[in-house]
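It should be emphasised that the depicted structure is a prediction, and the values quoted were computed from it without experimental measurement.
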Amino acid sequence: LSQKPASKLVFGSDSPVDSPTQFFGSHAAINRQRLNCQPGIKGWYPDQRIGLQEAIQAYTNFPAEISHWNNVTGSLKPGAYADLMRLPLDIFQLPRDDIKDLLPKATMVDGEWVWKTESL
C-alpha cells in the first residue's frame, strides 16, 4: 500500500476581490468567523478551525513548496528572498480573536525595507 501524502493548506488573497491582509484570512481560519466575530464564539463548523502555526504556514511555506519555489521563498534561510513583516508583538502571545486587528510595523521585500512606521 502506498501512503497518501499529508494534505497542506495553501492560503493567499485575490485582491481586489479579497483583502491582501493575511491576518483577516488567518482570523477566519483560526476562529471560523467573519471580521465582526460572527457567527458567535464557536464560528462556522468549529471542528474546521486550524491553529496559528498552520495558518502561518498556509501563507508562507506551503505555497512556496507547492509552486516549487521553496528554495528561494516561503521561509527565512540563506539564499532566499527576505520578504517579511516586522510585527509589534509576538503573534503567538496574541489572543486569537485579536489577530484580525494586527498591523505590521515594517515590511521587507528581497532584503530591503520598503515600508515602515516612523517609530521602528
Would you check if Met85 and Gln22 make a side-chain contact, meaning some heavy-atom pair closer than 4.5 Å? yes
Less than 3.5 Å apart, which donor and acceptor atoms pair up between the side chains of residues 87-96 and the rest of the protein, not counting sequence neighbours?
| from | atom 1 | to | atom 2 | distance (Å) |
| --- | --- | --- | --- | --- |
| Asp90 | OD1 | Phe92 | N | 2.9 |
| Arg96 | NE | Asn31 | OD1 | 3.0 |

*Is there a side-chain contact between Thr107 and Trp113 (heavy atoms, below 4.5 Å)?*
no
One pair to check against side-chain contact (heavy atoms from CB on, under 4.5 Å): Glu54 and Leu9. What are the steps and the verdict? CA-CA 8 Å; Glu54 190 174 4; Leu9 293 173; 3.7 Å; yes
When you measure from the side chain of Arg32 to the backbone N and O of Trp44, does any donor-acceptor pair fall under 3.5 Å? yes
Rounded to the nearest 0.5 Å, the CZ atom of Phe62 sits from the CD1 atom of Ile56 at a distance of 11.5 Å
query = Does Gln33 reach the side chain of Asp97, with side-chain heavy atoms less than 4.5 Å apart?
reply = yes
Rounding to 0.5 Å, atoms CD1 (Ile99) and CG (Leu52) come to a distance of 5.0 Å
d(Lys105 NZ, Trp115 CH2) to nearest 0.5 Å is 8.5 Å
- Within the side chain of Asp110, is there an N or O that forms a donor-acceptor pair under 3.5 Å with the backbone of Tyr81? no
- prompt: Lys100 and Thr21: side-chain contact (heavy atoms from CB on, under 4.5 Å), yes or no, with the steps?
  reply: CA-CA 9 Å; Lys100 67 186 179 339; Thr21 304; over 6 Å; no
Closest non-hydrogen atoms of Pro63 and Ala58, given as atom of the first, atom of the second and distance, are CG-O, 3.2 Å
Q) Any sub-3.5 Å donor-acceptor pair from Thr73's side-chain atoms to Asn70's backbone N or O? A) no
When every non-hydrogen atom of Asn61 is compared with those of Gly74, the smallest separation belongs to ND2-O, 3.0 Å
| message | Do Phe11 and Thr60 have side chains that approach each other closer than 4.5 Å (heavy atoms only, starting at C-beta)? | response | no
Heavy atoms of Pro104 and Phe23 approach each other most closely as CD-CE1, 4.4 Å
Looking only at atom types and distance, does a side-chain atom of His27 sit under 3.5 Å from a main-chain N or O of Asp98, one as donor and one as acceptor? no
- Task: Apply side-chain contact (heavy atoms from CB on, under 4.5 Å) to Arg49 and Lys42, showing your working.
- Result: CA-CA 10 Å; Arg49 290 182 194 168; Lys42 289 186 179 182; 4.2 Å; yes
Between Gly43 and Pro46, the two heavy atoms sitting closest are O-CD, 3.9 Å
(Q) Can you tell me if Glu112 has over 12 outside heavy atoms packed within less than 6.0 Å of its CD? (A) no
